[in-house]
Amino acid sequence: MKMGSCLRSQIGWTVLTVAAVAACAAGLPARGTLDLRARVASGATRLALSAPGPIGYAVVHPRFDLYVMNLTGSGARAEADARMLPGGVVSSYRLRPLPGKAVGAELDVLLGQPASLAVRRESANSLVLVFTAPQARKSAREPAAPPVSAGNSARPSPSQQSAPAAWPREPIAGTTSNSGLQQEFSPENTAVGEEGTRRYHGKPISVDFKDVDLKDFFRLIHEISGLNVVVDPDVRGTLTIVLDRVPWDQALDIVLRDNGLASELQGNVLRIATRATLREEAEQKRELAKAEEQAAPMVTVTRTLSYAKADDLRGTLKQFLSPRGEILADSRSNTLIIRDIPSVLPTLDRLIAKLDRRSPQVEIEARVVEATRSFAREIGTQFGFATAGGNGKNVIGGNPAVGASPIVRDILPPPPLVSNGTGAQIPGVTGAPIPFNANLGASAPTSGILFAHTEPNLSVDLLISAAENKGIGRLLSQPKLITQNNEKATVQQGTKIPVQTVVNNTISVQFVNAVLQLEVTPQITADGNVFMNVHVENTAIDQGIPRILGIPALDTQSENTSVLVSDGGTVVIGGIIVSSRQTNISQVPLFGSIPVIGHLFKHTAVSTQTQELLFFLTPRILPG
């Protein structure tokens with residue numbers, strides 16, 4: 001019997017058992033005394049075991065995914081047999097004789113999901129094993145038609161292949177639709193991990209081959225995957241492999257890599273050849289494509305743009321031209337002039353259609369709030385006294401250089417005080433104020449208290465003045481601007497200060513901006529938010545610093561930031577707060593330090609000023 005016909009007779013329904021492969025490789029017909037048949041459904045798997053003589057059994061469940069059945073009796077004679085059953089409860093099973101014994105066999109069943117086992121004896125020579133998933137509905141009836149054999153029995157007739165309603169016939173070993181298998185085997189679905197290792201998605205298989213022809217292994221891949229397999233004539237060699245529950249696409253990849261082979265998928269046809277053959281074909285394809293490109297006639301087309309600028313788009317499209325192609329931009333008509341081979345034009349047209357689109361616009365409303373608060377309080381005293389004693393020979397009073405009291409007395413002579421002893425005023429002498437001992441009055445008083453005491457030889461003047469003021473100011477600027485996506489917009493308001501410079505005896509005038517300026521570059525994200533690059537600057541003339549050569553000093557606050565804001569949302573991009581507090585005390589030495597009374601000999605000025613600058617931004621994506 002030839003190898004090909006032997007395999008065709010043994011691959012009765014989608015899998016090749018180890019015993020069958022070994023028998024075919026040796027040129028001998030496969031044989032076995034125990035016959036095991038399987039039927040796979042979505043929620044249950046049925047294994048029917050028949051023997052030429054009586055058999056007994058014992059079942060153990062050593063772990064959650066494994067059942068082991070020990071077969072005894074005169075009919076328990078078997079040859080090694082293994083099979084995968086993807087798509088059902090049972091993943092695979094293995095039937096093997098017990099080593100060193102004439103009779104006796106062991107059946108190992110590996111589960112693909114948790115399941116329960118029910119064993120029913122049909123006769124002394126047959127057993128039925130039903131593996132059912134917990135969620136599956138148990139059938140009340142057993143199938144009437146005999147199951148398909150997985151071993152060495154003859155292939156069932158078409159009438160036997162039709163399964164009853166209780167046991168729906170499902171694809172065995174991955175015989176799903178070709179479209180799904182193409183997606184499963186396609187490179188897009190073969191992910192690459194962080195370390196460059198692939199992740200495979202094929203259904204698991206278990207194989208145990210020794211010195212099997214490579215072409216027979218690829219026939220097995222055809223049966224498992226459902227793909228049409230074409231093997232190049234240069235593919236030769238044998239295969240020895242033992243795999244347990246390995247995805248079939250990974251097993252194929254391992255065999256190809258170990259034998260210096262490669263594959264390419266064309267539709268539902270998987271072609272397998274040597275790497276040298278595929279490399280040579282790829283080189284020939286490239287040379288052919290290059291020759292066709294060189295021989296293709298050149299054509300010239302024009303593309304008028306609506307929204308993008310031709311000069312800007314030219315550099316991008318130039319990267320996709322053929323070596324013979326060229327592209328020009330006409331700024332006046334905003335048109336691209338393309339000269340290249342016809343095969344390149346569809347790619348360029350698709351790029352132009354993607355890039356030449358209307359850019360959405362963004363309206364940006366800004367609010368600039370500048371708030372100032374000021375407070376000032378000033379309390380001062382003025383004190384003076386004059387007295388005379390010793391019959392008018394001694395006079396004690398203030399210093400005229402300090403200042404004079406605003407009180408004018410007509411009953412006393414002008415200083416120095418001179419009394420005639422009777423306290424009467426000297427006729428013809430007008431009154432005069434006494435000089436201050438301490439002159440620490442408020443600079444701009446808004447309230448005051450006066451105390452004056454007069455005797456013939458004593459005058460006391462005490463004045464307390466005070467002032468307090470508060471100020472609150474707010475400046476609101478609300479600029480609004482509209483710009484396209486990824487285009488910078490600028491708005492400013494203020495003064496341009498001329499600055500004169502002399503360079504090489506040449507007088508020139510330059511203007512320096514003292515403005516409130518806002519620059520925004522918006523970018524609309526894919527999820528409808530707005531990402532903005534913002535520059536804000538507030539520059540004003542500082543009147544507190546003296547000018548140099550007529551040029552004033554500038555007080556500047558600025559900020560550069562990038563912020564993400566939702567459409568229609570408001571963000572405070574920054575605030576500048578300047579706060580100052582100042583207390584000035586002037587006092588009479590020694591006397592001003594006396595507790596409580598010292599306030600009559602000192603001047604106190606307290607001032608507080610707070611300046612706050614806030615920037616609010618609200619972007620809105622305009623429809624259309």
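Computed from a predicted model, the values in this text were never measured in an experiment.
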Which is it for Ser562 and Met532 under the side-chain contact (heavy atoms from CB on, under 4.5 Å) test, yes or no, and what are the steps along the way? CA-CA 6 Å; Ser562 298; Met532 296 183 294; over 6 Å; no
Between the side chains of Thr618 and Thr570, does any donor sit under 3.5 Å from an acceptor? yes
Anything under 30° is parallel, anything over 60° is perpendicular, the rest tilted; go ahead and classify Phe601 against Phe591. tilted
So, Thr539 versus Glu537: side-chain donor-acceptor pair below 3.5 Å or not? yes
Does the pair Leu317 and Ile352 meet the rule for a side-chain contact (heavy atoms from CB on, under 4.5 Å), with working shown? CA-CA 8 Å; Leu317 298 179; Ile352 292 174; 3.7 Å; yes
Is it true that atom CD of Gln492 has more than 12 heavy atoms of other residues, nucleotides or ligands lying nearer than 6.0 Å? yes
Between Asn529 and Ser566, do the side chains contain an N or O donor and an N or O acceptor separated by less than 3.5 Å? no
Take atom CD in Gln510; do more than 12 heavy atoms of anything else shown fall under 6.0 Å from it? no
Using atom types as modelled and distance alone, determine if a side-chain donor or acceptor of Thr561 lies under 3.5 Å from a backbone N or O of Asn533. no
Derivation of the side chain to side chain donor-acceptor pair (under 3.5 Å) call for Ser443 and Glu378: CA-CA 8 Å; Ser443 58; Glu378 189 177 3; 3.1 Å; yes
The test is side-chain contact (heavy atoms from CB on, under 4.5 Å); show your working for Asn437 and Asn399 and say whether it passes. CA-CA 6 Å; Asn437 296 89; Asn399 187 348; over 6 Å; no
Leu617 side chain near Val565 side chain, heavy-atom distance below 4.5 Å: no
Are Leu622 and Pro360 side-chain neighbours, meaning at least one heavy-atom pair lies under 4.5 Å? no
Is there a side-chain contact between Ile337 and Ile327, using heavy atoms and a 4.5 Å cut-off? no
For residues Phe375 and Asn469, determine if any side-chain heavy atom of one lies less than 4.5 Å from a side-chain heavy atom of the other. no
Decide whether Ser322 and Asp340 meet the rule of one side-chain donor and one side-chain acceptor closer than 3.5 Å. yes
Do the side chain of Asn334 and the main chain of Ala310 share a donor and acceptor less than 3.5 angstrom apart? yes
CZ/Phe615 to CD/Glu559 distance, rounded to the nearest 0.5 angstrom? 7.0 Å
Can a donor-acceptor pair be found, under 3.5 Å and without considering hydrogens, that links the side chain of Asn486 to the backbone of Gln523? no
Flag yes if more than 12 heavy atoms outside Ile472 fall under 6.0 Å of its CD1 atom; otherwise flag no. no
So do Leu463 and Pro406 actually touch side chain to side chain, heavy atoms under 4.5 Å? yes
Apply side chain to side chain donor-acceptor pair (under 3.5 Å) to the pair Thr335 and Thr302, showing each step before the final yes or no. CA-CA 7 Å; Thr335 301; Thr302 59; over 6 Å; no
Is the closest basic N to carboxylate O distance between Glu365 and Arg367 below 4.0 Å? yes
Say you draw a straight line from CD1 of Ile379 to NE2 of His599; how long is it, rounded to the nearest 0.5 Å? 9.0 Å
Side-chain H-bond candidate by donor/acceptor type, Gln517 with His535, under 3.5 Å: no
Please check this pair: side chain of Asn485 against backbone of Gln361, looking for a donor-acceptor N/O pair closer than 3.5 Å. no
Can you tell whether the side chains of Arg620 and Asp567 come within less than 4.0 Å, N to carboxylate O? no
Under the side-chain contact (heavy atoms from CB on, under 4.5 Å) test, residues paired with Pro589 that sit two or more places apart: none
Side chains of Gln611 and Gln609: do they bring a donor and an acceptor to under 3.5 Å? no
Donor-acceptor under 3.5 Å (Asn513 side chain, Val515 main chain): no
Do we see a donor-acceptor contact under 3.5 Å between the side chains of Thr525 and Asp527? yes
Could you grab the distance from atom CG of Leu450 to atom CD of Gln382, nearest 0.5 Å is fine? 10.0 Å
For the side chain of Glu326 and the backbone of Ile338, is there at least one donor-acceptor N/O pair under 3.5 Å apart? no
Give a yes or no answer on whether the side chain of Ser374 reaches the backbone of Lys470 with a donor-acceptor pair at less than 3.5 Å. no
With no hydrogens and no angle check, just 3.5 Å: does a side-chain donor-acceptor pair link Arg581 and Thr608? yes
Where the side chain of Ser447 meets the backbone of Ala466, is there a donor-acceptor pair that is under 3.5 Å apart? yes
Quick one: do Lys290 and Glu287 make a salt bridge, cutoff under 4.0 Å? no
Walk me through whether Arg373 and Thr610 qualify under side chain to side chain donor-acceptor pair (under 3.5 Å). CA-CA 5 Å; Arg373 294 184 295 273; Thr610 301; 4.7 Å; no
Which is it for Ile497 and Phe511 under the side-chain contact (heavy atoms from CB on, under 4.5 Å) test, yes or no, and what are the steps along the way? CA-CA 5 Å; Ile497 302 173; Phe511 289 89; over 6 Å; no
Thinking salt bridges, do Arg314 and Asp312 make one under a 4.0 Å N-O criterion? no
To the nearest 0.5 Å, what is the distance between CD1 (Ile524) and CD1 (Ile621)? 4.5 Å
Is there a side-chain contact between Val362 and Ile482 (heavy atoms, below 4.5 Å)? no
When rounded to the nearest 0.5 angstrom, what is the spacing between CD1 in Ile341 and CG in Leu321? 10.0 Å
Classify the side-chain pair Asp461/Ser405 by whether it contains a donor and acceptor separated by less than 3.5 Å. yes
About how many Å separate CG of Leu328 and CZ of Arg339, when rounded to the nearest 0.5 Å? 10.5 Å
Considering only heavy atoms from C-beta outward, does the side chain of Leu355 approach that of Leu313 to under 4.5 Å? yes
Side-chain heavy-atom pair Phe616, Val369 within 4.5 angstrom cut-off: yes
